[in-house]
Protein chains: 2
Amino acid sequence: MVSGNTIAEVARLIGDAARANMLAALMGGQALTAGELARHAGVSAQTTSGHLAKLTAAQLLAVEKQGRHRYFRLASSEVAQAIHALMSVAASGPKRHHPIGPRDAALRLARTCYDHMAGRLALALADSLVREGHVILADGAGIVTDAGRLFFRDFGIEVEGLRTRRPLCRTCLDWSERRPHIAGQLGAALLDKVLDRGWVARVPESRALRLTRAGESGFTATFRLPLDWKDPPLRLAP
Amino acid sequence: MVSGNTIAEVARLIGDAARANMLAALMGGQALTAGELARHAGVSAQTTSGHLAKLTAAQLLAVEKQGRHRYFRLASSEVAQAIHALMSVAASGPKRHHPIGPRDAALRLARTCYDHMAGRLALALADSLVREGHVILADGAGIVTDAGRLFFRDFGIEVEGLRTRRPLCRTCLDWSERRPHIAGQLGAALLDKVLDRGWVARVPESRALRLTRAGESGFTATFRLPLDWKDPPLRLAP
DNA sequence: CGAACAGTTCGGCCCCGGCCGAAACATCTG
DNA sequence: CAGATGTTTCGGCCGGGGCCGAACTGTTCG
């Protein structure tokens, strides 16, 4: 039976604590196995299996079989955007006390957000790109300048090739500092590239990104980051 | 009790057919009474009252009392964006057969989408603004050019005053033609202005906008619309 | 004041769906 | 092959929550 989805059906699927936890875990951008998702959700393997079947049937998740594992990922960037929008609503509701543990510190510094970077590193990069005139951000939307095209080409990213329907840059505040960073196609390409160069590395079982020694110098030199970019508050440049 | 919202709680609230219908009805941007929402949702007044109490408590809706009526509206643009994102996911899932009735024709031509215009009129406007060099759209995100600032100032909109965190332009496809139109702050200001000028008028009990005689000539002259902008397919300019 | 109307509260029905235990199936390993 | 590990299916329990009828509050109007 191939019935269409309604908005209520989609929201209902997300509107269960266990499933929402699974989806949130997948916002890291990596494909995860059913078992990993079960741990994230805090329910048994059987229950997880049922949830994943529903999410897959509704095409919120895509699945890839690999040996005795099944790897799940978000089915589309639309799904990621919907979850992100729900996060924004949840965060803007009645204030929730948000205790920050030690492991949050790493996440605040640098992490993945579906397919691009977030955290203070991403903010520093966005600031740098704007300051150097490579990208123009207007109210959360952004475009790449001609100078920026050259800059990104030098860096190994062909901006011309990114022309699709996905926005180049999007506001993506998450539960971190509330400022826009580079998301969309360009954000995804940037993350790809810096992972490729070994400037950051994924931390297993987490959305956190670890800054490597190569990254430490690479980011600073290439993007002319200020010396204090790791410091917490980080205001906008005047 | 002031507890915080989680993403699952928010999604669960939207994930009920009756409540989703109410929220969708409010995507028109106008405040509606409890009774009107009951009719939209197709449930009794008592049931509606319960739903509205929950939505209001979670700050998805804002309410204003006026005599013996209570007017409800979406509490924030974040909520509207979340619902919109869910619509996108629902639309991109397994294809739903979408029979178009005669009343849909008016909606396809011009309608409100929360706080801005949608439909073929909005697409023609977006095309015009891009063609004339007033706005640059890059992958669904957009910025206003210097020439555009002058143009909008002549039209009675101060773009400088719109600098907030909301994007100027956003992809907003809904169930109509799948192309971006002007949303965000600029889109809201545009809708305000053309309603103010009497170029379009709200159709009661509907999201549709009626094009007036003044609008017919006003839009054509001011935005240099092509003669065939009302025609269905409407491809992108080369 | 009393009738009409908008909206809410209460109580009870009922069904949907999340949960787990048990067991089956699938896949890799030794 | 046997055993370990990952995943699914089945069956049954049970709680939450959507629904409406009835009754109550509050507002408008004649």
Side-chain angles (χ1 to χ4, degrees), chain A residues 1 3 5-26 30-73 75 204-205, chain B residues 1 3 5-26 30-58 60-73 204-205:
Chain A
M1 178 205 66
S3 73
N5 287 336
T6 65
I7 172 180
E9 287 161 0
V10 174
R12 175 169 243 292
L13 282 171
I14 307 176
D16 170 84
R19 286 193 294 258
N21 284 336
M22 297 179 197
L23 291 166
L26 290 169
Q30 287 183 105
L32 299 176
T33 66
E36 288 170 322
L37 289 170
R39 253 167 282 133
H40 275 284
V43 292
S44 70
Q46 316 91 285
T47 304
T48 301
S49 178
H51 285 315
L52 292 174
K54 289 176 188 174
L55 291 171
T56 308
Q59 301 190 13
L60 294 189
L61 295 185
V63 60
E64 209 169 332
K65 199 170 179 176
Q66 222 173 84
R68 60 179 164 180
H69 295 280
R70 292 182 75 196
Y71 282 91
F72 293 87
R73 60 180 171 79
E205 298 284 320
Chain B
M1 178 207 64
S3 73
N5 288 338
T6 66
I7 172 180
E9 289 162 358
V10 174
R12 175 169 242 295
L13 282 172
I14 306 177
D16 170 84
R19 286 192 295 259
N21 284 336
M22 297 178 197
L23 292 167
L26 290 169
Q30 289 184 102
L32 300 177
T33 65
E36 288 171 321
L37 290 169
R39 253 166 283 136
H40 275 283
V43 293
S44 70
Q46 316 89 287
T47 303
T48 301
S49 179
H51 285 314
L52 292 174
K54 289 177 188 172
L55 291 171
T56 308
L60 293 189
L61 294 186
V63 60
E64 209 170 331
K65 200 169 177 176
Q66 224 174 81
R68 61 179 165 181
H69 295 281
R70 291 183 74 197
Y71 282 91
F72 292 87
R73 59 180 173 79
E205 299 284 321

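All chains are named by letter (A, B, ...) in the order of the sequence lines, taking the proteins before the strands, and each is independently numbered beginning at 1.
With sequence neighbours excluded, the residues that form a side-chain contact (heavy atoms from CB on, under 4.5 Å) with B:Ala38 are B:Thr48. Looking at residues two or more places apart in sequence or on another chain, you find a side-chain contact (heavy atoms from CB on, under 4.5 Å) between B:Glu36 and B:Leu32, B:Thr33, B:Arg39, B:Glu205. The side chain to side chain donor-acceptor pair (under 3.5 Å) test applied to A:Gln46 returns A:Ser44, not counting sequence neighbours.
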Determine all donor-acceptor pairs shorter than 3.5 Å in which one atom belongs to a side chain in residues 63-71 of chain B; sequence neighbours excluded.
none

Hey, can you pull the donor-acceptor pairs under 3.5 Å for the side chains in residues 15-26 of chain B, sequence neighbours left out?
from    : atom 1 : to      : atom 2 : distance (Å)
B:Asp16 : OD2    : B:Ala18 : N      : 3.0
B:Asp16 : OD2    : B:Arg19 : N      : 3.1
B:Arg19 : NE     : B:Leu13 : O      : 2.6
B:Arg19 : NH1    : B:His51 : ND1    : 3.1
B:Arg19 : NH2    : B:Arg12 : O      : 3.4
B:Asn21 : ND2    : B:Ala17 : O      : 3.3

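The side chain to side chain contact (heavy atoms under 4.5 Å, CB included) test with B:Leu55 singles out one residue from B:Leu60, B:Ile14, B:Leu37, and that residue is B:Leu60.
B:His69 has its NE2 atom 7 Å from the C1' atom of C:dA6, to the nearest Å.
Within residues 32-39 of chain A, the residues approaching DNA chain D are A:Thr33, A:Ala34, A:Gly35, by heavy-atom distance under 4.0 Å. At a non-hydrogen distance threshold of 4.0 Å, nothing from residues 14-25 of chain B comes into contact with DNA chain C. At a non-hydrogen distance threshold of 4.0 Å, B:Ser44, B:Gln46, B:Thr47, B:His51, B:Lys54 from residues 44-56 of chain B come into contact with DNA chain D.
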Problem set entry | Protein-to-nucleotide contact annotation, 5' to 3' order, nucleotides 24-30 of chain D [B base; S sugar-phosphate only; - none; under 4.0 Å, heavy atom] | ---BS--
